[in-house]
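By convention here, the first residue in the shown sequence is residue 1. Just so it is clear, the values below take in all heavy atoms, side chains as well, and ignore hydrogens, waters and symmetry mates.
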Amino acid sequence: VFHYDQQTLGLAVDEILDIADALFDIKVNSQLEGFIGSMVLNGQTTGIFDAGEVLSKLVGMVDMSDIDVEQAKTTEILLVEDSPFFRKLTVPFLSAVGYQVTTAEDGKEALDILRDQPKRFDLIISDIEMPVMDGFELTESCKAKPALNHIPIIAYTASVSDEVKNKVMDLGALDCITKTERPALLQAIANCLFDKKLGVHA
């Protein structure tokens, strides 16, 4: 049982065999439908259920009344996320809405993409905690570059504290959303695109 999108969701199983506390170290290599990959638990290779695949199919449960579907189809989003799990969770969700999504695994890769195509993206959604270059550094770098500082940035993090939110927004992000609140992410995207259309970020 877990909480997502302000709802309580549960997975029905025949039997609970064990409960393990382990480091998050998933090898994303599974070809089996419904599984994200595997990891070693108590010395045994164990398949990891792909909750993201299930949740990505729940887009219809999210209020999309504020979404301009036609605008979404022409909107390019750069999602910067080092976690394979959250990439698999977020990309299908945003794609189902209609957005065109490109991914980068850290801030440096994102900057390389943006440097090559500075006018391509309408919005950046970035994790905060990442290797190589984190979301703070990415936001600061984008806002310091004249070719990139017009692109709205939404911080997308596992947990939001006042300190983190204030810091990333002081650096130039427009919002800071918890990864378990997809309706809030859609609303933040709609707000950013609306402001951008009006020329606020131009």
Side-chain angles (χ1 to χ4, degrees), residues 3-7 9 52 55-83 85-107 110-111 113-114 120-130 133-143 148-202:
H3 298 281
Y4 208 86
D5 286 350
Q6 300 178 346
Q7 302 177 59
L9 304 173
L55 289 170
S56 69
K57 297 176 181 177
L58 301 181
V59 63
M61 297 175 61
V62 177
D63 181 10
M64 291 175 47
S65 59
D66 290 333
I67 306 300
D68 185 331
V69 177
E70 291 305 312
Q71 183 187 39
K73 292 177 182 178
T74 61
T75 299
E76 294 271 1
I77 293 177
L78 179 60
L79 174 67
V80 191
E81 172 61 72
D82 66 308
S83 165
F85 173 80
F86 279 110
R87 284 200 304 274
K88 283 177 67 70
L89 188 70
T90 308
V91 172
F93 174 68
L94 293 178
S95 298
V97 174
Y99 294 116
Q100 308 302 304
V101 185
T102 300
T103 62
E105 295 187 16
D106 58 59
L111 278 182
I113 294 172
L114 291 164
R120 174 181 173 184
F121 296 98
D122 301 290
L123 180 68
I124 299 168
I125 300 173
S126 179
D127 187 16
I128 296 294
E129 296 183 7
M130 296 181 290
M133 177 183 285
D134 63 25
F136 295 125
E137 295 171 297
L138 173 62
T139 301
E140 187 173 28
S141 295
C142 287
K143 294 307 175 182
L148 303 177
N149 62 16
H150 65 285
I151 307 175
I153 299 175
I154 297 173
Y156 196 46
T157 183
S159 60
V160 177
S161 66
D162 289 340
E163 180 181 2
V164 167
K165 184 172 183 176
N166 291 338
K167 180 177 179 179
V168 74
M169 294 185 73
D170 285 345
L171 290 172
L174 292 184
D175 212 335
C176 187
I177 305 297
T178 304
K179 292 179 182 179
T180 56
E181 295 184 357
R182 297 186 305 171
L185 177 62
L186 287 186
Q187 186 62 60
I189 293 172
N191 292 344
C192 285
L193 295 177
F194 177 71
D195 288 346
K196 189 169 184 286
K197 186 176 180 181
L198 291 179
V200 174
H201 307 300

Please name the pair of heavy atoms, one in Gly135 and one in Ser126, separated by the smallest distance, quoted to 0.1 Å.
CA-OG, 3.8 Å
Nearest 0.5 angstrom please: [X] [atom1] to [Y] [atom2], how far?
{"X": "Asp127", "Y": "Glu129", "atom1": "CG", "atom2": "CD", "value": "7.0 Å"}
{"X": "Asp170", "Y": "Thr139", "atom1": "CG", "atom2": "OG1", "value": "11.5 Å"}
{"X": "Met169", "Y": "Asp175", "atom1": "CE", "atom2": "CG", "value": "5.5 Å"}
{"X": "Ser161", "Y": "Ile128", "atom1": "OG", "atom2": "CD1", "value": "9.5 Å"}
{"X": "Ile113", "Y": "Phe121", "atom1": "CD1", "atom2": "CZ", "value": "6.0 Å"}
{"X": "Asn166", "Y": "Cys176", "atom1": "CG", "atom2": "SG", "value": "9.5 Å"}

Mind checking side-chain contact (heavy atoms from CB on, under 4.5 Å) for Glu137 and listing every partner two or more places apart, or none if nothing turns up?
Met133, Asp134
Determine whether Asn191 and Leu174 satisfy the following criterion, side-chain contact (heavy atoms from CB on, under 4.5 Å), listing intermediate values before the conclusion.
CA-CA 9 Å; Asn191 292 344; Leu174 292 184; over 6 Å; no
Using 4.0 Å as the upper bound for N to carboxylate O, is an ion pair formed by Asp82 and Arg87?
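Judged by the 4.0 Å cut-off on N to carboxylate O distance, Arg87 and Asp82 do not form a salt bridge.
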Applying side-chain contact (heavy atoms from CB on, under 4.5 Å) to Val80 and Tyr156, what does each step give before you reach the verdict?
CA-CA 9 Å; Val80 191; Tyr156 196 46; over 6 Å; no
Tell me whether Lys143 at atom NZ has more than 12 heavy atoms from other residues, nucleotides or ligands lying less than 6.0 Å away.
yes
Partners meeting salt bridge (charged side-chain N to carboxylate O under 4.0 Å, His left out) with Glu140 (sequence neighbours left out)
none
Does the side chain of Thr74 come within less than 4.5 Å of Asp122's, by heavy atoms?
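No, every pair of side-chain atoms sits at 4.5 Å or beyond.
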Leu185 side chain near Ile125 side chain, heavy-atom distance below 4.5 Å:
yes
Any donor-acceptor pair under 3.5 Å from Thr178 side chain to Glu181 backbone
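No.
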Between Ser83 (side chain) and Phe86 (backbone), is there a donor-acceptor pair under 3.5 Å?
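Confirmed, Ser83 side chain pairs with Phe86 backbone.
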What residue among Ile189, Ile124, Leu193 forms side-chain contact (heavy atoms from CB on, under 4.5 Å) with Ile77?
Ile189
Could you go through Cys142 and Asn149, starting from their C-alpha distance and side-chain angles, then the distance that decides it, and tell me whether this counts as side-chain contact (heavy atoms from CB on, under 4.5 Å)?
CA-CA 5 Å; Cys142 287; Asn149 62 16; over 6 Å; no
The test is side-chain contact (heavy atoms from CB on, under 4.5 Å); show your working for Glu105 and Met130 and say whether it passes.
CA-CA 8 Å; Glu105 295 187 16; Met130 296 181 290; over 6 Å; no
Sequence neighbours excluded and cut-off under 3.5 Å, please list the side-chain donor-acceptor pairs for residues 92-103, or say none.
{"unit_1": "Ser95", "atom_1": "OG", "unit_2": "Val91", "atom_2": "O", "d": "2.8"}
{"unit_1": "Gln100", "atom_1": "NE2", "unit_2": "Lys73", "atom_2": "O", "d": "3.4"}
{"unit_1": "Gln100", "atom_1": "NE2", "unit_2": "Gly98", "atom_2": "O", "d": "3.1"}
{"unit_1": "Thr102", "atom_1": "OG1", "unit_2": "Arg120", "atom_2": "NH2", "d": "2.9"}

